[in-house]
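Right, one structure below, let's go through it.
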Amino acid sequence: MQENTLLVLDGNSLAHRAFHAIPHLATSQGLVTNAVYGFTNMLLKVIKELQPGLVAVCFDMGRVTFRHEQYGEYKAHRPATPDELRPQFPLIKEVLAAMNIPVLECEGYEADDLIGTLVSRAEGEKIASIIVTGDQDSLQLVSPLTRVLLTRKGISELEEYTEGRVWERFGITPAQFPDYKGLVGDTSDNIPGVPGIGPKTARTLLKEYGSLEEIISRVDELPARLRDKIRPYREQALLSKQLATIERKVPLEIDVGALRWPGPDYNRLLALFSRLEFKTLIRAIRQELGQHEDEAGGHPVREVETYRVNFRHLTGKEELCRLVELSRQSGRVAVALSGTRREGIAAAAVALKSPGESPELSVFYLGTESPAGGQAALEILGDILADPGIEKLLHDGKSALWLLHRYGLTINNLAFDTMVAAYLLNPAAASQELADLALEHLKVVLPGRGEEALAARADAIWRLSELLAEKLRLAEMERLYYEVELPLVTVLADMEMTGVAINRQHLEEMSRELEVKIASLAEQIYQLAGEQFNINSTRQLGHILFEKLELPVIKKTKTSYSTDASVLEELSGAHPIVPLVLEYRQLMKLKSTYVDGLAALINPETGRVHTTFHQTVTATGRLSSSDPNLQNIPIRLEEGRKIRKVFIPGREGNLILTADYSQIELRVLAHMAKDPNLLDAFRRGEDIHTRTAAEVFGVSVTEVTTDMRGRAKAVNFGIVYGISDFGLARDINVSRQEARQYIESYFARYAGVKAFIERTIREAREKGYVTTLLNRRRYLPDLFSPNRSVRMFGERTAINTPIQGSAADIIKLAMVRIHRELKERGLATRMILQVHDELIFDMPAGEMAEVTELVRRHMENALVLDVPLVVDMKLGPNWYEVKKI
DNA sequence: TGACTCACG
DNA sequence: ACGTACGTGAGTCAA
C-alpha cells in the first residue's frame, strides 16, 4: 500500500471517455450502464495497480464557472451531454459512495480546478499524487511529486506522464501548458489563442522566451511575420492563457488527510453491482474476497457479509435415518451436491422445513465419501431423492442427475430447478450460476468452499425457489415452466445418458482417407505457391494469395485480408491454387471437427457419444449442444453428409427414425401474423417457396422457375431473420435495388406480415421485451441504443425471437409428451437428439408402427395453430441412409 | 483470449 | 454515410 499517495480522478472526463469507449451496455430492464461500467472497471483497475492510501474523485459543478465570467464564449461549442449519459452520473456517484471514495464538487469550478487544488495541497505536505483523466489540460499539474495518467484510445489503457515524458511528447514543460494554450488555443474549449500560431511555432517561442508574458513584452524582437501575428492579439492570448490555467486555490473545506481511503463497503458494492448486473465485476470481487479469507493468519474481510447458515453435519446411522423422516414431514427438500462427473459425489446438503421449529429452515450436511458413514449417507440421500412424495428443489437438476447416475440413483419429483427458472426470467443473462442468482435476488454472497458453502447453497436454493416461483407467476410463465422447461430437464438427462451409438471402425476409415486427400491437396498447394506454409493460418494464406500471387483483395477483416469461402469462390477462376484451398478447407474441417473430434468423444464404456444439451444458454429458447455439438453435423454438401453414416442405432435390430417439422418457422409466422395469403398457402398444403415466388414475381404457380423459387426461399428466410435489402442482396447475389424490390413486392402481397413486423417492434419498444406463443420472454435493451446499427439489430431480433422461440416452445412441448408416453407404454425406443426442428430416435424395428404414430401425433398437435403443423419422417439403418416414410 | 472460419437450423 | 440478415459451438492461429 502506497500510504502516502493520493489518487485523484476527473469524474466528468472519465465518464465521457467510458461512455464513448464502451459500445453499449444495459441491464435486462433497459437501464443504460455503459459509462458506469467503463468508469468502474477503470477505477478498480487503477486502485488495484497503484494501491493508493488516499483517493478522491472530482466532478464539474454548475453550468457557469468563473471562466465564463472571464470569457462568455468559454466552451460555447461544447455539445450537450448525451441523454444516455446524463442519468449515469448519479449511478457513478453511487459506485463511489459504495467504494467509500469522496466525491468533490464546488459550485462554479471545474473538476480540473479541484484536482489542481488537491494536488497543490498534497505537495505542500510532501504527498505524491497521481491524476487520472482524459483531459490533456491536467498535464500542467505534473511535477516531481505529481504524475498524470491520461486515457489513451478507449479507457483502460493509460499513459503515464512525468515531467520528462511531457517534455518528450510536447517539447514544453508542464508549467508552460497554459502559455502554450494561450498561443495555440483549444477548439474543444473554444479558447481562441492567436490565429496563425500552431504547435510548432508555439514550442519554438516558448523554448526561447519561457512564457507568454515574456514573448509579449519582447514582441519587437520577433521576426516581422510573427510580430504582426501576435501583436494585435496580445490581450486575447493572455486571456486564453488565463482560461487554460488551472485554479489551485479553490476554497475547498476538505483536508487532504480526510481523503484517506478505508477500502470499499463490499456489501453495498455487491448489492449495487447486482442491481446494475455487472456480473464479471461481482465475480472478480468475490474472487478477491475468497483469496483474502484463504490467507492463513490473515485478516478475514469482516465487513463482508458472506452468507452463513447453521447446519448439522450428520454422521451416525440414526441421525441419517432421522433425516428421511424430517424430509417426509417437510414434503420438500432443497438439495445441493458437490463433486464431479469423473470422481462422483463428495458431499450433499439438504435444506428442509420443520413446522413449528425455529428457525424453520434447517440444513444438514452429509459427507458421502467419509469412511465412517459415507456409504450410509449416500443411501439415505438416494432414498430421499427417489421418494416421489418428497418434492426436490435443485439448481441444475440435469447435472445432479448425471452425478447420481453412476450410483444407479435418480431423482423422482423434481419440483423446481432454480437455474432453469432464472433462465426463463432472463434468458440473455450472462450466467445462471447459483452464486450470481443468490447475489441478484437474495442479495447475499455465497461462501466459496467447504461444508458451509454447500450448506449455504442448499439454503439459497430453497429461498430462491420460493422467490423465483413467484416471479414466474407474475410474468405468466407458469405453464411454460411447469409443463415444458421443468419436465424437459429430465428428458434431456435421459437423452444424454442414452447417447448416440457410433460406428468407430467407419470413423477411423474416414479419418485415414481424409488424411491422404488432405496431404495431397497440401502438396499441390505448396507447389503452386512455390513454398510451404500453414494453409490453416489465415494470415499466411493471405500473404500467399494477396501479396505473393497478387490476387485482387475482395474483402478485408479487422486485422488483415479476408480469406473466407465467399472471397475464395470469387477468386476461384483467378488462380488454380484457390479451388484447391477451398477443397482443403472443407476436408480439414470435416477431419478435425467431425471425424477426429467425434472419435475423441466416444465414451469407451458405452461406445457412444453423450452430448450435453444446454437448456439455459440461448437467448431465444432454443437448446444448444456441446461436447460434441450434435446439432451441426454436416448435411448440405455430400462429402460432409457422409459423416452421418457413423451415427447408428445402439442395438441390433434397431433403426434410426427422424421426424422433422416442415417449415415450422414460417408456419409460426403465418399463425402470429394472421396473414390471409400465408395462412391460405399452408392450409392448401402448397410448396411455400413456390407460392411466395408466384406472389412476388406475379406469375402463376406453374410458371415459377427454379431460380425464382430459390430467390423466394431466400426472401422467406430473410423475413424470419428481420429482413434487410443488404442481407438479401448478399445472400442471393443480386443488386441491393433488386433485393429492395423483392421485399417491397413481398410486403405488398403479404401485408399481414408487414403489419406483424411493425406491431412487434412497436410492442417491443413499449414493453422492453418480446414474447413467444408460450410467453417465453426476451428483453431487448438494444432497441434503446443511441447507436443506430445496434438499434436496428435490436429490431431484427425483435422479429426473429418470437418466431424462433415459438418454434422452440413447440418442439420442447412435443419432446416432453413423447418422452412421457414412450415411458408410460414401456417402449424401448429412445429419443436421442434434437436439432431445433427435428427429433431423432433409436427405435426397435418392431415398435415402428406404434412409435411413428405417437411421435407424429405429439409433434403435430403440440400446439393448435391457425395452420397445420406438418411432420416429415424418415427411417434407416443410420443417420445418412434414412428414407422418407 | 480474441479473431477468423465454418458446420448446423 | 453508415453497417446489417437470426440463433448456436468447435478448431485453429497468434498474440
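Below, chain A is the first sequence line, B the second, and so on; all start at residue 1.
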Within the 4.0 Å heavy-atom criterion, would you say [X] contacts the bases, only the backbone, or no part of the nucleic acid?
X: A/I633; result: sugar-phosphate
X: A/F726; result: base
X: A/A565; result: sugar-phosphate
X: A/R736; result: base
X: A/N534; result: sugar-phosphate
X: A/N632; result: base
X: A/V720; result: nothing
X: A/S624; result: sugar-phosphate
X: A/Q540; result: sugar-phosphate
X: A/R539; result: sugar-phosphate
X: A/S625; result: sugar-phosphate
X: A/T801; result: nothing

Please measure how far the P atom in C/dA5 lies from the corresponding atom in B/dT5, and state the result in whole Å. 14 Å
Considering only the P atoms, how many Å lie between B/dC6 and C/dA1, rounded to the nearest integer? 32 Å
Mind running side chain to side chain contact (heavy atoms under 4.5 Å, CB included) on A/L425 and A/Y423 for me, showing each step along the way? CA-CA 5 Å; A/L425 291 169; A/Y423 169 69; over 6 Å; no
Who pairs with C/dT8 - Watson-Crick or G-U, where each distance is under 3.5 Å: B/dA7
Closest to the [X] side chain: [options]?
X: A/I635; options: B/dC8, C/dA5, B/dC6; result: B/dC8
X: A/K589; options: C/dT8, C/dA10, B/dC8; result: C/dA10
X: A/R644; options: B/dC8, C/dT8, B/dC6; result: B/dC8
X: A/A714; options: C/dG7, C/dA5, B/dC4; result: C/dA5
X: A/T593; options: C/dC2, C/dA10, C/dG7; result: C/dA10
X: A/T557; options: B/dC4, B/dG9, C/dG3; result: B/dC4
X: A/R585; options: B/dC6, B/dC8, C/dC6; result: B/dC6
X: A/R636; options: B/dC4, B/dC8, C/dG11; result: B/dC8
X: A/T797; options: C/dA10, B/dC8, C/dC6; result: C/dC6
X: A/N536; options: C/dC2, C/dT12, B/dA7; result: C/dT12

Quick one: do the A/N787 and A/S785 side chains pair a donor with an acceptor below 3.5 Å? no
A/V609 backbone acceptor or donor facing A/N603 side chain under 3.5 Å: no
Nearest heavy-atom approach of A/L630 to A/F647 is CD2-CE2, 3.8 Å
Any side-chain heavy-atom pair of A/L551 and A/V578 under 4.5 Å: yes
